[in-house]
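Here is the structure we will look at.
Each chain gets a letter, A, B and so on, in the order the sequences are listed, and its residues count up from 1.
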2 protein chains.
Amino acid sequence: MSDETDIPPPPWQRLPERPARRRRDPISRDAIVAAAIALMDRDGYDALSMRTLAEELGTGAASLYWHVGSKDGLLDLVMDQLIGEVVVPPADPARWRDQLKELARTQRATSLRHPYLVRLSIGRIPLGPNALRLNEAVLAIMRAGGLPPRMAVQGFLMMLEVVNGFTLDETGVSGEELPPDPAARAEAGDMVTGYLKQLPGERFPNLNELAGEFALADNDERFDLLIEVFVDGLARHAAGRDGAT
Amino acid sequence: MSDETDIPPPPWQRLPERPARRRRDPISRDAIVAAAIALMDRDGYDALSMRTLAEELGTGAASLYWHVGSKDGLLDLVMDQLIGEVVVPPADPARWRDQLKELARTQRATSLRHPYLVRLSIGRIPLGPNALRLNEAVLAIMRAGGLPPRMAVQGFLMMLEVVNGFTLDETGVSGEELPPDPAARAEAGDMVTGYLKQLPGERFPNLNELAGEFALADNDERFDLLIEVFVDGLARHAAGRDGAT
DNA sequence: ACCTGAACACCGTTCAAGT
DNA sequence: ACCTGAACACCGTTCAAGT
């Protein structure tokens, strides 16, 4: 699913050059990537080691290295595979702002479905085959919105950064082992609130007064607010006249 | 420098309770934190191990555990120490938007001075003594700007996330070992541009056409643009009338 | 072309034992 | 109260050797 394209890999890709496999054997590059994703979906980012992954596949750790070169190379493949889950509609000039907001939501949803994705993306330039498709589609929407070349690229980069910044925060705290069930999430929020409320009021009047607001906020609402602020702010830099709401 | 305050630690803090040290010995909690920061400033995030850090201090790894409890606990302390480098001016209602932008720049500067800081912050709630001071000061500026309680907290959280998202991107790629000197940075940019230019134009018209814009962008300008979009967008939610420029 | 076992050079952490 | 050596249970990666 990842190597039917004829696009040459970027020069820094950490993968060994291999001829395509003939039959679909129990162990193959794709099978390794799929198993890695399944393992991390289940047990979190830190649970992935070459040894445990190999065991899952019924081999020794050393066997994996022939297929994926290194753990780093494997994570490159995992990232592009997960990016492939983000689908973007063809650009519609009339709806470009809504399309951007919806794209941001889709991207966030993918990052929540695989809470290790953002952490995994750190230091990796998204230029695999799936990432290229996504990048092209996003840029198309930016251009459809009338953003000049420079702003289109900036908007593209900034949106990625904004969504990742938000999601990293969201998935970071206990985004590891256990799925962050609502109960644990609420408890953590209450713990913060309780701690802030009990702080000396002379030195921390605002933290004290606003303590309740920290637990209260729903992440979906928070995210919508953020991308509204961002996309509407971006629209003010478009060539056309559809500045703000 | 970190434990002269009387604020009780948050309940999830991973540190052992210890009486304050009498004399300033070669090995102490503060000395360990300082050495850890120096080590990571020099050799990067991954270079920090309890063993190498101990060697730097002329002891064995096991000795550190009495002072900091765990590596995780040590990183908690390191984070708060670095957050202490961010200084915020007292809130000035007339200049609140500029103050926010300047705060964002200061925060980014700190994250660039210690390129591992953002990575280190993942999954850690910033509620150490220095973080509390910073949070309080930022909230004060938000309130001074006329943001209602809910928006003040949201703005505070979102700004943190936006700055971290940008800086994570900036420091992630090769933000590890060598300091990201301009030469390597430019070369990496050229590599991306070259790769994008050579892509098949029928399938990737936008990536192809806009390839040059990726290398061209200066990060300082890019950051200013992002926080302008964000802060001005935020200002539209203030109670007062100073909506946009 | 693909897989294997064994080894190398690391980790974080614990713990009994020292002073 | 503080430090230590040694051990436990892990890592990613290499490499000679197998089929």
Side-chain touch B/L139/A/F204, heavy atoms, less than 4.5 angstrom: no

Heavy-atom pair of closest approach, residues B/M50 and B/V68: CE-CG2, 4.2 Å

Under 4.0 Å between a side-chain nitrogen and a carboxylate oxygen: does that hold for A/R124 and A/D72? yes

Can you tell me, in whole Å, how much space there is between the P of C/dC2 and that of D/dA17? 22 Å

Sugar-phosphate only, base, or nothing, as touched by A/L48 at under 4.0 Å among non-hydrogen atoms: sugar-phosphate

Please report, rounded to the nearest Å, how far the P atom of C/dA1 is from the CZ atom of A/R29. 15 Å

At 4.0 Å (heavy atoms only), tell me whether B/S63 reaches a base, stays on the sugar-phosphate, or touches nothing. base

For B/F223, the ring-ring contact (aromatic ring centres under 6.0 Å, His included) test, sequence neighbours excluded, returns B/F166

Looking at B/S49, I'd like to know whether one of its side-chain N or O atoms comes within less than 4.0 Å of OP1 or OP2 on C/dC11. yes

How many whole angstroms separate atom CH2 of B/W66 from atom P of D/dA1? 7 Å

Between the protein and nucleotides 13-17 of chain C, which nitrogen or oxygen pairs come in under 3.5 angstrom?
from, atom 1, to, atom 2, distance (Å)
C/dT13, OP2, B/Y65, OH, 3.0
C/dT13, OP2, B/K71, N, 2.9

Output, in order, the C-alpha distance, side-chain angles, deciding distance and verdict of side chain to side chain contact (heavy atoms under 4.5 Å, CB included) for A/L103 and A/M159. CA-CA 10 Å; A/L103 166 65; A/M159 182 152 115; 3.4 Å; yes

Can you tell me how far C1' of D/dC2 sits from CG of B/L57, to the nearest Å? 15 Å

Would you mind checking if A/R105 and A/D220 are paired as a salt bridge, meaning a charged N to carboxylate O distance below 4.0 Å? no

Stepwise side chain to side chain contact (heavy atoms under 4.5 Å, CB included) check, A/L160 with B/D169: CA-CA 9 Å; A/L160 233 177; B/D169 196 7; over 6 Å; no

For DNA chain D, consecutive-pair runs of 3 or more (Watson-Crick or G-U wobble, both H-bond-type distances under 3.5 Å) give C:4-8 with D:12-16, C:12-16 with D:4-8

CD of B/E55 versus C1' of C/dC11: gap in Å, rounded? 14 Å

Does atom CD of A/E55 have more than 12 heavy-atom neighbours, drawn from other residues, nucleotides or ligands, at distances under 6.0 Å? no

How long is the line joining CG of B/L64 and C1' of D/dG5, in whole Å? 14 Å

Would you say A/H67 places a side-chain N or O within less than 4.0 Å of OP1 or OP2 belonging to C/dA1? no

Partner of A/E170 by salt bridge (Lys or Arg N to Asp or Glu O under 4.0 Å), out of A/R119, A/R108, A/R222: A/R108

